[in-house]
Amino acid sequence: MSQSKRLRIAIQKSGRLSKESQQLLKSCGVKFNVNEQRLIAHADNMPIDLLRVRDDDIPGLVMDGVVDLGIIGENVLEEEQIERQTLNKPSACTKLRELDFGACRLSLAVPNEFEYKDATSLEGLRIATSYPNLLRRFMQEKGINYSDCMLKGSVEVAPRAGLSDGICDLVSTGATLEANGLYETEVIYRSMACIIQSNEDQTPEKQALIDKILSRMNGVIRARESKYILLHAPTETLDQIVALLPGAENPTVLPLNDDTNRVAIHAVSSEDLFWDTMEELTALGASSILVMPIEKMMG
Ligand SMILES: Nc1ncnc2c1ncn2[C@@H]1O[C@H](COP(=O)(O)OP(=O)(O)OP(=O)(O)O)[C@@H](O)[C@H]1O
Ligand SMILES: O=P(O)(O)OC[C@H]1O[C@H](OP(=O)(O)OP(=O)(O)O)[C@H](O)[C@@H]1O
Ligand SMILES: [Mg+2]
């Protein structure tokens with residue numbers, strides 16, 4: 001069991017996940033200030049300490065029970081899990097939920113001039129990657145022999161530097177691949193950030209705090225995915241209009257002062273309302289359409 005009476009949460013110190021991890025915890029009511037130089041940030045209003053570390057260290061810290069929770073990309077989690085299974089080291093932890101940031105994919109990519117047909121085109125080649133275990137699992141499933149070139153960073157420059165024939169690296173917009181004269185050929189893993197918990201026994205107090213944080217996180221994420229929609233609609237197209245609002249089956253319908261042909265609709269929609277839908281609503285006679293963000297949701 002983690003020795004500390006305070007709940008320990010590991011987050012990335014600086015990188016793609018840091019800002020959003022901190023923001024999510026703040027939205028859950030955890031108050032803290034980060035000092036860039038410090039490894040630990042203490043929360044002022046709850047018995048919680050944040051450990052700010054390299055993202056690669058987070059799964060291991062959770063699996064070894066050094067910290068109670070961690071926010072990490074599924075790609076790094078899965079890579080560490082395979083690594084530890086190979087080494088017979090503890091690799092268990094519990095994924096509490098996927099989060100709504102850190103979307104990326106681990107992909108194979110080759111230089112633009114390379115003629116790629118399918119995965120067998122990679123037979124016998126050298127692939128540069130920071131994810132040797134996920135790469136091996138994919139290549140073994142396809143029955144392809146290859147050699148790897150382990151690089152912790154700047155993987156995209158490996159082919160041009162003559163270090164490898166292709167790469168296996170994270171892609172989001174594809175801009176980095178394009179800038180390096182590479183194109184994506186296979187997606188081998190799709191990833192989001194997630195929150196994980198150590199499988200060590202927790203004291204009832206700490207478990208209660210974890211449950212509280214998780215329930216707040218569910219509320220914050222649900223709220224971020226939802227919108228509050230207000231509009232005026234002609235009674236004759238009411239059903240068609242409601243049908244266009246995503247995930248808002250039972251909206252509130254209110255009468256309008258001095259207008260019996262129109263009503264006001266208040267609805268919580270499970271998704272954003274896109275411009276196309278707004279235009280369809282207007283075509284059905286809707287007016288005064290307001291789409292508003294929701295800050296918190298519960299129950
Ligand atoms: N382009 C991207 N778009 C969205 N999410 C990404 C992107 N690249 C990476 N990620 C996610 O963010 C995580 C952290 O990426 P980052 O590039 O900050 O890692 P790093 O350089 O290994 O950082 P560290 O210094 O902590 O080891 C990745 O493991 C992945 O889950
Ligand atoms: O497809 P794109 O949108 O271009 O994103 C992909 C890039 O993003 C990540 O690196 P990051 O920018 O986080 O920097 P790093 O190389 O220092 O990790 C990843 O390692 C790729 O290099
Ligand atoms: Mg890292």
Side-chain angles (χ1 to χ4, degrees), residues 8-25 34-41 50-64 66-67 69-84 91 93 95-112 127-135 137-138 148-161 163-164 166-196 217 221 224:
R8 286 186 172 160
I9 308 179
I11 58 170
Q12 190 185 23
K13 182 168 188 283
S14 79
R16 291 269 184 173
L17 305 178
S18 339
K19 272 216 183 84
E20 280 165 297
S21 304
Q22 288 181 27
Q23 193 49 55
L24 179 60
L25 291 167
V34 163
N35 175 336
E36 282 309 320
Q37 317 302 326
R38 293 247 172 95
L39 169 72
I40 296 185
L50 300 184
L51 259 87
R52 302 169 57 246
V53 293
R54 289 283 305 269
D55 71 338
D56 316 57
D57 295 332
I58 295 175
L61 289 169
V62 174
M63 290 164 188
D64 291 333
V66 178
V67 300
L69 299 178
I71 296 180
I72 185 64
E74 288 168 329
N75 53 318
V76 174
L77 173 63
E78 190 94 7
E79 175 70 20
E80 181 71 17
Q81 229 146 16
I82 309 175
E83 171 86 15
R84 284 180 164 235
S91 65
C93 67
K95 193 189 287 182
L96 298 179
R97 69 160 293 161
E98 218 174 56
L99 302 173
D100 60 349
F101 57 90
C104 59
R105 51 196 190 272
L106 183 66
S107 291
L108 285 162
V110 293
N112 290 337
I127 317 275
T129 192
S130 314
Y131 297 87
N133 292 296
L134 286 169
L135 175 62
R137 185 170 73 185
F138 175 83
D148 61 13
C149 163
M150 181 63 195
L151 289 177
K152 285 272 178 187
S154 308
V155 175
E156 296 91 355
V157 301
R160 234 184 320 139
L163 298 176
S164 72
I167 68 163
C168 170
D169 198 17
L170 297 178
V171 183
S172 167
T173 61
T176 308
L177 290 184
E178 200 183 319
N180 287 282
L182 301 166
Y183 72 100
E184 192 176 0
T185 56
E186 306 274 344
V187 175
I188 74 169
Y189 190 81
R190 288 189 190 276
S191 178
M192 295 293 288
C194 64
I195 178 157
I196 52 174
M217 234 171 232
I221 293 173
R224 291 205 287 222

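Remember, it's 1-based here, ligands and their atoms both numbered in the order they're listed. Just so you know, residue 1 is the first one in the sequence shown, and it goes up from there. Just so you know, these numbers use all the heavy atoms, side chains as well, and skip hydrogens, waters and symmetry mates.
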Novice: Compare all side-chain heavy atoms of E98 with those of I221 and state whether any distance is below 4.5 angstrom.
Specialist: no
Novice: Report, in ascending order of atom number, the atoms of ligand 1 lying under 4.0 Å from any heavy atom of C104.
Specialist: 5 (N), 6 (C), 10 (N), 11 (C), 30 (C), 31 (O)
Novice: Please list, in number order, the atoms of ligand 1 under 4.0 Å from a heavy atom of G15.
Specialist: 18 (O)
Novice: Should we count CZ of R190 as having more than 12 external heavy atoms under 6.0 Å?
Specialist: no
Novice: Which ligand 1 atoms does L170 reach within 4.0 Å, using its non-hydrogen atoms?
Specialist: 9 (C), 28 (C), 29 (O), 30 (C)
Novice: What are the protein N, O or S atoms, given as residue plus atom name, that sit under 2.8 Å from the Mg ion (ligand 3)?
Specialist: D55 OD1, D56 OD1
Novice: So, does D148 use its side chain to make a donor-acceptor pair with the main chain of M150 at under 3.5 Å?
Specialist: no
Novice: Quick one: does E78's side chain get under 4.5 Å of Y131's, heavy atoms only?
Specialist: no
Novice: Distances under 3.5 Å, N/O of ligand 2 against N/O of the protein: list each pair and its distance.
Specialist:
from	atom 1	to	atom 2	distance (Å)
ligand 2	1 (O)	S172	N	2.7
ligand 2	1 (O)	T173	N	3.1
ligand 2	1 (O)	G174	N	2.7
ligand 2	3 (O)	T173	N	2.8
ligand 2	3 (O)	T173	OG1	2.5
ligand 2	4 (O)	T176	N	2.9
ligand 2	4 (O)	T176	OG1	2.4
ligand 2	8 (O)	R16	NH2	3.2
ligand 2	12 (O)	R16	NH2	2.8
ligand 2	13 (O)	R16	NE	2.8
ligand 2	22 (O)	E156	OE2	2.5

Novice: With rounding to the nearest 0.5 Å, note down the distance linking CD1 in I195 to CD1 in I71.
Specialist: 4.5 Å
Novice: Measure the shortest side-chain to side-chain distance between M63 and L77 over non-hydrogen atoms and say whether it is less than 4.5 angstrom.
Specialist: yes
Novice: Have a look at A175, G73, C194, S172 and point out the one with the heavy atom closest to atom 3 (N) of ligand 1.
Specialist: S172
Novice: Between S107 and E184, do the side chains contain an N or O donor and an N or O acceptor separated by less than 3.5 Å?
Specialist: yes
Novice: Looking at D57 and K13, is there a salt bridge between them, counting it only when a charged N and a carboxylate O are closer than 4.0 Å?
Specialist: no
Novice: For ligand 1, find out whether one of its N or O atoms is nearer than 3.5 Å to an N or O atom of S191.
Specialist: no
Novice: Check each atom of ligand 1 against the heavy atoms of V76 and keep those under 4.0 Å away; list them by number with element.
Specialist: 29 (O)
Novice: Suppose I only count heavy atoms of G102 and a 4.0 Å limit; which atoms of ligand 1 are within that range?
Specialist: 5 (N)
Novice: Can you sort out which atoms of ligand 1 are near A103, meaning under 4.0 Å from one of its heavy atoms?
Specialist: 3 (N), 4 (C), 5 (N)
Novice: In the complex you have, is atom 21 (O) of ligand 1 within reach of the protein, judged by whether a heavy-atom distance drops under 4.0 Å?
Specialist: no
Novice: Counting each atom of ligand 1 from 1 as listed, which ones have a heavy atom of L17 under 4.0 Å away?
Specialist: 12 (O), 13 (C)
